[in-house]
2 protein chains.
Amino acid sequence: MSNRFGPDLLRGSLDLMVLSVLAGGSTYGYDLQQKLLAASNELVQLQAGTLYPLLHRLEADKLIRSRWEASTGRKRKWYEITAAGKQRLSTQTAEWDRYVACIESMLAPIRSAAPHPV
Amino acid sequence: MSNRFGPDLLRGSLDLMVLSVLAGGSTYGYDLQQKLLAASNELVQLQAGTLYPLLHRLEADKLIRSRWEASTGRKRKWYEITAAGKQRLSTQTAEWDRYVACIESMLAPIRSAAPHPV
DNA sequence: GCCAATATATTGCCACGCGATAGGTGGGGG
DNA sequence: CCCCCACCTATCGCGTGGCAATATATTGGC
């Protein structure tokens, strides 16, 4: 099964989501996937082919940092948000807010156009 | 100059925006571009290479309908939303709402994490 | 020992925003 | 009167990134 949102919707905010989860504490890929699933009320079901390339991109951009760790039992690749990542999270959040406000103002007339009459 | 939002953010909601504008009345491409610019407070500056292919896609999907019209002076291609388009607008709006709620719930802990202390 | 869940990774496909480019029309100023 | 410029639509190629499919290894339970 794939994602409940279209791939296009996700595209704008996947980085934001992942960074925000990692801002709440370090974790590894598979667990991140589960956390997103839970935090989104089962709506964001990230595929492995989406998740891992994304993490690699974020790491290449120095927004996150990784380390192989076996102390917790199984060998897993733990990710941690960097200072640059936190900064990006902040600017991305601000852009997200502007974006939502923008769309909402465009949808306003539609919404008030009585979908169900008084 | 390009769009003020990244291409990825736009991707999820461009259809929604265009349909919502057209739901407010028929118009032609160039004017739609200006309307979006104005309605978004200059934030959504759609390029021609984005706008026209998008309109053609929406028309191919029967969500909008076009007609060359010269009665208003210059020859322009007028677009009108169809019944299917209105229906799509409605479902897309609902999905948008779920999407925003989802992201907002993920951002909530970040926002409450004292960006500026009490 | 076998199987399912856990865990990471890669490849190819495809959609689409964007920059660049092109072509045509109409009106106002020189 | 003609030229320029704003207007208006269109297309091509590029890069990005989500996704399905696939591969591979590990661990715990039965």
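Protein chains get the first letters and strands the later ones, always in sequence-line order, with residue 1 at the start of each.
C:dC16 atom C1' lies 18 Å from atom OH of B:Y52, rounded to whole Å. For B:Q34 and D:dC7, the CD to C1' distance is 10 Å, given to the nearest whole Å. As a whole-Å value, the separation of B:L9 CG from D:dT16 P is 17 Å. In this structure, A:K77 atom NZ and C:dT8 atom P are separated by 9 Å, rounded to whole Å. Between B:L37 atom CG and D:dC7 atom P the separation is 12 Å, expressed in whole Å. Computed from coordinates, the A:L46 CG to D:dA21 P distance equals 16 Å when rounded to whole Å. The interatomic distance linking A:Q45 (CD) with D:dG18 (C1') rounds to 14 Å, in whole Å. Atom CD of B:Q33 and atom C1' of C:dC18 are 13 Å apart (whole Å).
Residue A:D8 is classed as a sugar-phosphate contact, given heavy-atom separations below 4.0 Å to backbone atoms only. Residue B:L14 is classed as a sugar-phosphate contact, given heavy-atom separations below 4.0 Å to backbone atoms only. Residue B:W68 is classed as a sugar-phosphate contact, given heavy-atom separations below 4.0 Å to backbone atoms only.
A salt bridge does not link A:E95 with B:R4: every distance from a Lys NZ or Arg NE/NH1/NH2 to an Asp or Glu carboxylate oxygen is 4.0 Å or more. The pair B:R111-B:E104 meets the salt-bridge criterion, with a side-chain N (NZ, NE, NH1 or NH2) lying under 4.0 Å from an Asp/Glu carboxylate O. Salt bridge A:D31/A:K35: present, at least one basic N to carboxylate O contact under 4.0 Å.
You'll find the side chain of B:L58 stays beyond 4.5 Å of the side chain of B:I81, heavy atoms only.
Here the nucleotide nearest the side chain of A:H56, chosen from D:dT9, C:dT10, C:dC16, is C:dT10. Among the nucleotides C:dT8, D:dG17, C:dT10, the one closest to any side-chain atom of A:P53 is C:dT10. Picking from C:dT8, C:dA9, C:dG17 the nucleotide with the shortest atom distance to the side chain of B:P7 gives C:dG17.
Residue B:Q47 places at least one side-chain N or O closer than 4.0 Å to OP1 or OP2 of C:dG19. Side-chain N/O atoms of B:R57 include none lying less than 4.0 angstrom from OP1 or OP2 on D:dA10.
Position along DNA chain D of the nearest nucleotide to B:Y30 versus A:L10 favours B:Y30 as the more 5'-ward residue. In terms of position on DNA chain C, the residue among A:G29 and A:R11 whose nearest nucleotide sits closer to the 5' end is A:G29.
You'll find the ring centres of B:Y99 and A:W96 inside the 6.0 Å limit.
Judged purely by atom type and a 3.5 angstrom limit, B:S66 has no side-chain atom pairing as donor or acceptor with the backbone of B:K77. A donor-acceptor pair is defined here as one N or O able to donate and one able to accept, closer than 3.5 Å; no such pair exists between the side chain of B:T50 and the backbone of B:L46.
The distance from the CD atom of B:E69 to the CH2 atom of B:W78 is 7.5 Å, given to the nearest 0.5 Å.
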Check the interface with nucleotides 26-29 of chain D: list each N/O to N/O pair with the protein under 3.5 Å, or write none.
unit_1	atom_1	unit_2	atom_2	d
D:dT26	O2	A:R74	NH1	2.9
D:dT26	O2	A:R74	NH2	3.0

